[in-house]
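For reference, the structure discussed in these notes is given below.
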Protein chains: 2
Amino acid sequence: MTTTIKDVAKMANVAPSTVSRVIANNPRISEQTKRRVREAMDYLGYHPNFNARSLANRSAQAIGLVMPGSADKAFQNPFFPEVIRGISTIVHEKEYALYMSTGQTEEEIYEGVMRMVQGGRVDGILLLYSSVDDRIMNYLVEKKFPFALVGKPLKDEQSITHIDNDNFQAARDVADYLISLGHEKIGFVGGSSRLVVTIDRLLGYEKSLRSHQLPYREDYIIHEEFLEKGGQEAIRKLMALDKPPTALLVMDDLMAFGVLRTLSEMQLSVPNDISVVSFNNLMLAAFSTPGLTSVDINIFQLGYEAAVCLMDLISKPDQKPMRVAVPYHLIERQSCKARTVQKEGSGSM
Amino acid sequence: MTTTIKDVAKMANVAPSTVSRVIANNPRISEQTKRRVREAMDYLGYHPNFNARSLANRSAQAIGLVMPGSADKAFQNPFFPEVIRGISTIVHEKEYALYMSTGQTEEEIYEGVMRMVQGGRVDGILLLYSSVDDRIMNYLVEKKFPFALVGKPLKDEQSITHIDNDNFQAARDVADYLISLGHEKIGFVGGSSRLVVTIDRLLGYEKSLRSHQLPYREDYIIHEEFLEKGGQEAIRKLMALDKPPTALLVMDDLMAFGVLRTLSEMQLSVPNDISVVSFNNLMLAAFSTPGLTSVDINIFQLGYEAAVCLMDLISKPDQKPMRVAVPYHLIERQSCKARTVQKEGSGSM
DNA sequence: TTGTATGCGTTATCAT
DNA sequence: ATGATAACGCATACAA
């Protein structure tokens with residue numbers, strides 16, 4: 001049916017193995033026969049069968065992408081397309097293909113990953129999130145299957161290749177910034193507390209408060225999904241408090257939009273009534289009203305570096321685990337404002 | 001190394017072929033042995049090798065995604081993640097996997113598609129754009145390889161399965177809308193003129209003008225990339241005209257943002273000085289200032305329906321080509337305003 | 001430098 | 001109801 005290596009061999013008057021060698025550009029084949037074989041390939045429109053090749057080779061020339069929830073969920077947040085952009089550039093360079101798992105529940109995703117891995121569909125995996133005690137990561141570790149993590153593992157930092165920002169420091173910087181603006185009641189709107197990135201940033205936030213002798217109030221800490229809706233939920237809870245915060249550290253721009261929208265529905269003004277800083281610096285951050293002050297975490301680069309590391313892991317059998325810290329920086333826009341001095345004034349700063 | 005069907009067979013005291021039948025849940029195997037085999041599979045943590053299966057089967061249980069330019073380019077526009085969301089839901093239901101081709105130039109993408117197809121990596125292809133005289137589409141047609149097109153083919157409409165909006169009518173509606181607002185000088189900011197969607201909408205726009213006895217001016221037609229930058233370029237050209245338009249039909253929200261931004265840099269007000277309507281109704285449309293009046297083309301559904309069709313094409317050998325028209329509707333926000341009556345007043349409407 | 005034979009892990013076609 | 005065996009298309013160790 002489809003043309004195989006044998007057809008080419010026949011046409012070029014050589015053995016199939018010779019054709020195979022020509023494909024691999026084996027130096028021990030004479031230029032003459034190479035040319036002859038290549039002509040035959042061109043003429044017949046031959047293309048190698050990947051499945052057969054993978055089978056004989058045990059390599060698939062493809063890497064798998066694992067997102068939290070299936071693509072139809074994750075892609076709601078522009079974070080993922082953007083990491084994938086970074087990944088894609090390097091994957092393309094290496095002539096690899098990209099494979100996306102689909103699955104709604106954690107169980108389904110886990111199954112999908114097992115199938116990818118054991119089924120020999122992919123040579124390596126990129127884990128695009130890091131959560132506490134993740135089955136999938138445990139599985140990969142145990143299997144000693146090449147993978148890189150976008151994010152930080154909770155433990156085994158030394159043995160797991162991972163690429164992230166210094167989220168502890170980033171959150172601390174942000175809180176410091178808010179405090180320097182005179183804010184003392186700062187809310188934290190984060191993602192699931194099972195996400196390591198949430199944990200890290202919460203720690204950084206806490207550290208900042210403590211170093212400024214500010215109280216750390218549990219009721220200022222909210223955990224929601226990284227979506228607009230999450231932000232809406234969060235801000236409702238916070239504003240219902242007896243003493244609502246005057247500033248917010250929001251972990252995701254999308255959430256921040258939810259916050260902004262709800263606040264404006266409540267007739268509250270950002271930044272006059274409340275200041276907001278968030279993370280990711282998505283394109284939307286520039287377009288919202290007011291412009292959103294946001295931490296640019298270099299999402300693209302996160303993906304790019306992760307792909308580079310994974311490729312190393314795949315090609316160099318005894319590559320040591322790596323850790324790459326991608327720089328971040330605060331982009332100031334119009335969502336923050338200095339607070340007029342408090343009456344209670346503990347005089348900090 | 002990895003556990004194969006043979007290991008399972010040995011452990012369950014059956015032949016490999018029997019194990020294979022159990023996997024396929026062949027009814028001619030007794031429940032007893034099925035149970036025994038399954039226990040062995042569980043115990044050994046067996047997972048079938050996809051490559052071997054595909055090889056024997058000539059089916060990959062995967063479909064390929066083809067975007068204009070590689071992911072790292074295309075994903076700059078939220079359109080693509082959103083179509084993929086739609087695709088992903090149905091692909092996941094059918095337990096298929098998703099392959100993404102990577103490639104920068106048209107040549108590279110073409111090569112990638114050939115490799116996917118002839119290499120047996122995928123059982124079908126989703127073409128996420130439609131351009132005039134597209135090599136890739138021609139190749140797929142010629143190969144009679146199952147594929148569905150998101151968009152409309154320029155010719156062979158009857159024989160190519162495609163999913164789109166009625167873009168002619170949509171653009172006509174939009175232009176009518178602008179005209180009903182009193183605008184007579186309406187600019188058209190579109191994508192590449194090689195894209196069928198551009199062609200269709202341009203036709204609809206023209207039709208609207210003509211039916212209202214309004215002049216169709218070449219210099220009001222701009223073609224740029226579907227990115228913010230494209231919009232910036234476009235509006236600069238238009239505003240440099242002797243009689244710049246008072247209203248714009250912009251083909252993409254991202255472009256529209258570019259337009260908005262540049263206009264505001266020029267100290268021009270939307271909608272007071274100029275009205276803007278665009279397409280796609282991305283999340284950003286709601287967040288921009290002013291809120292962007294945009295045509296919701298149901299991107300998610302576009303992807304969803306396309307995947308459904310492709311699955312039919314794959315599973316039913318003699319499935320006829322299909323055409324699905326996804327509805328659209330105009331979402332009015334604040335970027336358009338009625339024009340005060342013109343002095344020259346041809347009195348239309 | 002090139003050809004021969006074998007294996008990669010499954011499925012499918014015969015048998016029994 | 002189950003087993004033996006031959007593909008599937010390619011790569012590679014071993015010969016020549």
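Proteins get letters first, then strands, A, B, ... in listed order; numbering begins at 1 in each. The basis for the numbers below is simple: all heavy atoms, side chains too, and nothing from hydrogens, waters or symmetry mates.
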Taking the side chain of [X] as its heavy atoms from C-beta onward, which of [options] lies nearest to it?
{"X": "Pro48(A)", "options": "dT2(C), dC10(D), dG3(C)", "value": "dC10(D)"}
{"X": "Ser30(A)", "options": "dA11(D), dG3(C), dT2(C)", "value": "dT2(C)"}
{"X": "Leu55(B)", "options": "dT10(C), dT2(D), dG9(D)", "value": "dG9(D)"}

Problem set entry | Under 3.5 Å: donor-acceptor pair, side chain of Ser130(A), backbone of Lys152(A) | yes
Gap between atoms [atom1] and [atom2], on [X] and [N] respectively (whole Å):
{"X": "Phe50(A)", "N": "dA11(D)", "atom1": "CZ", "atom2": "C1'", "answer": "15 Å"}
{"X": "Lys6(A)", "N": "dC10(D)", "atom1": "NZ", "atom2": "P", "answer": "9 Å"}
{"X": "Asn25(A)", "N": "dA11(D)", "atom1": "CG", "atom2": "P", "answer": "13 Å"}
{"X": "Asn13(A)", "N": "dG3(C)", "atom1": "CG", "atom2": "C1'", "answer": "13 Å"}
{"X": "Met41(A)", "N": "dG9(D)", "atom1": "CE", "atom2": "C1'", "answer": "15 Å"}
{"X": "Lys34(A)", "N": "dT2(C)", "atom1": "NZ", "atom2": "C1'", "answer": "13 Å"}
{"X": "Ile5(B)", "N": "dA4(D)", "atom1": "CD1", "atom2": "P", "answer": "14 Å"}
{"X": "Lys10(B)", "N": "dT2(D)", "atom1": "NZ", "atom2": "P", "answer": "20 Å"}

Touch class at under 4.0 angstrom, heavy-atom based, for [X] against every strand present:
{"X": "Val14(B)", "answer": "sugar-phosphate"}
{"X": "Thr33(A)", "answer": "sugar-phosphate"}
{"X": "Asn26(A)", "answer": "nothing"}

Exercise. Taking 4.0 angstrom as the limit, do Arg36(B) and Glu31(B) come out as a salt bridge?
Worked result: no
Problem set entry | Distance test, side-chain N/O of Thr4(A) to OP1/OP2 of dC8(D), below 4.0 Å | no
Problem set entry | Short side-chain N/O contact from Arg58(A) to OP1 or OP2 of dG7(C), under 4.0 Å | no
Exercise. Hey, mind stepping through Arg85(B) and Glu82(B) against salt bridge (Lys or Arg N to Asp or Glu O under 4.0 Å) and telling me if it holds?
Worked result: CA-CA 5 Å; Arg85(B) 285 187 54 224; Glu82(B) 183 70 9; 3.0 Å; yes
Is it the case that [X] and [Y] place a side-chain donor and acceptor less than 3.5 Å from each other?
{"X": "Asn25(B)", "Y": "Lys34(B)", "result": "yes"}
{"X": "Ser20(A)", "Y": "Ser17(A)", "result": "no"}
{"X": "Tyr129(B)", "Y": "Asp134(B)", "result": "yes"}

Report each atom pair, protein N/O against N/O of nucleotides 12-16 of chain C, whose distance is under 3.5 angstrom.
residue, atom, partner, partner atom, Å
dT13(C), O4, Arg21(B), NH2, 3.1

For this session: Any pair with a residue in residues 81-127 of chain A that passes ring-ring contact (aromatic ring centres under 6.0 Å, His included), sequence neighbours left out, goes on the list, sorted by first then second residue, please.
Result: Tyr99(A)-Tyr99(B), Tyr110(A)-Tyr139(A)
